[in-house]
Amino acid sequence: MIKNLIFDLGGVVLDIRYENVAEAFARQGVPNTESFFSRHAQSHEMDLFEEGKMTSPQFRNYVRHMAGLPFSDTQVDECLNAILLTIPERRVALLTQLKKRYGTFLFSNTNAINYDSFTATARQQYGFDVFERCFHATYFSHLMGVRKPSLDGFKRIVKEQRLVAAETLFIDDNPNNVAAARMAGLQGFHLERGNDIAQLFERRPAAFPLF
């Protein structure tokens with residue numbers, strides 16, 4: 001029986017489009033941006049940024065060096081934040097209801113620039129703290145110092161929240177992260193691209209604990 005749910009953010013709760021970042025940088029005259037950030041791979045520096053081991057100013061300087069262009073801070077931020085779309089109302093409604101029945105948590109690989117943007121946008125859109133409303137606790141990689149698929153992140157959440165791993169389901173759109181969750185003792189569900197968690201629960205709410 002599933003008693004706890006841990007959700008990924010981008011591609012599960014928050015709509016994103018990785019290609020927007022490369023396209024935004026390309027418009028600024030930077031070719032081959034996908035070599036440092038894409039759906040399938042990213043640079044060591046991006047990993048460090050998502051682990052909170054590189055500051056926003058350091059990351060912006062890295063982008064300037066990588067691009068060979070004197071980008072302003074705003075230009076870098078706008079290109080990086082181009083990945084972020086919206087959190088649909090149907091998902092906020094779903095998560096609010098799930099929170100009444102399950103322990104609900106968020107575990108996201110993100111960075112300080114994206115974090116500042118999507119938290120502000122969600123608050124502006126809804127007029128309240130979406131993450132506080134929908135989850136009992138949130139875990140962001142740049143604040144934790146660890147990113148998926150490291151098992152340490154999953155183990156930390158289980159320990160801090162006093163969860164039973166076998167009673168906890170992790171949902172992510174990245175199969176590598178799902179595999180890591182299973183290695184940490186959690187149950188895992190791979191949300192394939194194009195699927196929506198709201199529709200998933202609507203189709204089989206009674207059977208969902210069997211995933």
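Remember, predicted model here, so these are calculated numbers, not experimental data.
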Is the side chain of Arg90 donor-acceptor paired with the backbone N or O of Asp196 at a distance under 3.5 Å, no angle test?
-> no

Apply the test side-chain contact (heavy atoms from CB on, under 4.5 Å) to residues Glu45 and Met66: give CA-CA distance (whole Å), side-chain angles for both, the deciding distance (0.1 Å), then the verdict.
-> CA-CA 11 Å; Glu45 288 80 5; Met66 178 275 302; over 6 Å; no

Within the distance-only criterion (no hydrogens, no angle test), does the side chain of Arg64 pair as donor or acceptor with the backbone N or O of Phe71 below 3.5 angstrom?
-> yes

Would you call Arg133 and Thr96 a side-chain contact if the rule is heavy atoms closer than 4.5 Å?
-> yes

Please identify each residue that fulfils ring-ring contact (aromatic ring centres under 6.0 Å, His included) with Phe105, with sequence neighbours left out.
-> none

Whether over 12 other heavy atoms sit under 6.0 Å from Glu132 CD = no

Side-chain donor or acceptor of Asp8 paired with backbone N/O of Asp172 under 3.5 Å = no

Scanning both residues in full, the closest heavy-atom pair of Ala184 with Ala165 reads O-CB, 4.2 Å

Under 3.5 Å, side chain of Arg182 to main-chain N/O of Gly188, donor-acceptor pair present?
-> yes

Do you know which two heavy atoms are closest between Val12 and Arg91, and how far apart they sit?
-> O-CD, 3.5 Å

Should Met144 and Ile6 be counted in the same cluster of Ile, Leu, Val, Met, Phe, Trp and Tyr side chains packed under 4.5 Å apart?
-> yes

Could you tell me whether Arg60 and Asp77 make a salt bridge, using a distance below 4.0 angstrom between a side-chain N and a carboxylate O?
-> yes

Are the side chain of Tyr126 and the backbone N or O of Ile87 linked by a donor-acceptor pair below 3.5 Å?
-> yes

Does any pair with a residue in residues 152-186 pass ring pair (Phe, Tyr, Trp, His ring centres under 6.0 Å), and if so which ones, sequence neighbours excluded?
-> Phe107-Phe154, Phe154-Phe170

More than 12 heavy atoms of other residues, nucleotides or ligands under 6.0 Å from CD of Glu89: is that the case?
-> no

Rounded to the nearest 0.5 Å, what separation is found between the OG1 atom of Thr104 and the CG atom of Leu98?
-> 7.5 Å

Straight-line distance of Thr86 OG1 to Gln125 CD, nearest 0.5 Å = 6.0 Å

Are Val164 and Tyr139 connected, step by step, through hydrophobic side chains (Ile, Leu, Val, Met, Phe, Trp, Tyr) whose heavy atoms are closer than 4.5 Å?
-> no

Test Glu50 against Asn114 for side-chain contact (heavy atoms from CB on, under 4.5 Å), laying out the working first.
-> CA-CA 10 Å; Glu50 289 190 347; Asn114 282 168; over 6 Å; no

Single-linkage hydrophobic cluster Phe49~Val63, side-chain heavy atoms < 4.5 angstrom = yes

Considering residues, nucleotides and ligands other than Lys155, do more than 12 of their heavy atoms fall under 6.0 Å from its NZ?
-> no

For His190 and Pro175, work out which heavy atoms get closest and say how close.
-> NE2-CD, 3.6 Å

So how far is it from His142 NE2 to Thr55 OG1, rounded to the nearest 0.5 Å?
-> 12.0 Å

Cluster check Phe59, Leu84: I/L/V/M/F/W/Y, side chain < 4.5 angstrom | yes

So if you build clusters from Ile, Leu, Val, Met, Phe, Trp, Tyr with side-chain heavy-atom gaps below 4.5 Å, do Val76 and Met46 land together?
-> yes

Quick one: do Val13 and Phe118 satisfy side-chain contact (heavy atoms from CB on, under 4.5 Å)? Show the steps, please.
-> CA-CA 12 Å; Val13 174; Phe118 66 68; over 6 Å; no

Do you know which two heavy atoms are closest between Leu69 and Gly29, and how far apart they sit?
-> CD1-O, 4.1 Å

Residue list, side-chain contact (heavy atoms from CB on, under 4.5 Å) with Thr138, at least two apart or on another chain | Leu106, Phe131, Phe135, Phe140

So, the side chain of Ser141 versus the backbone of Lys148: is there a donor-acceptor pair under 3.5 Å, distance only?
-> no

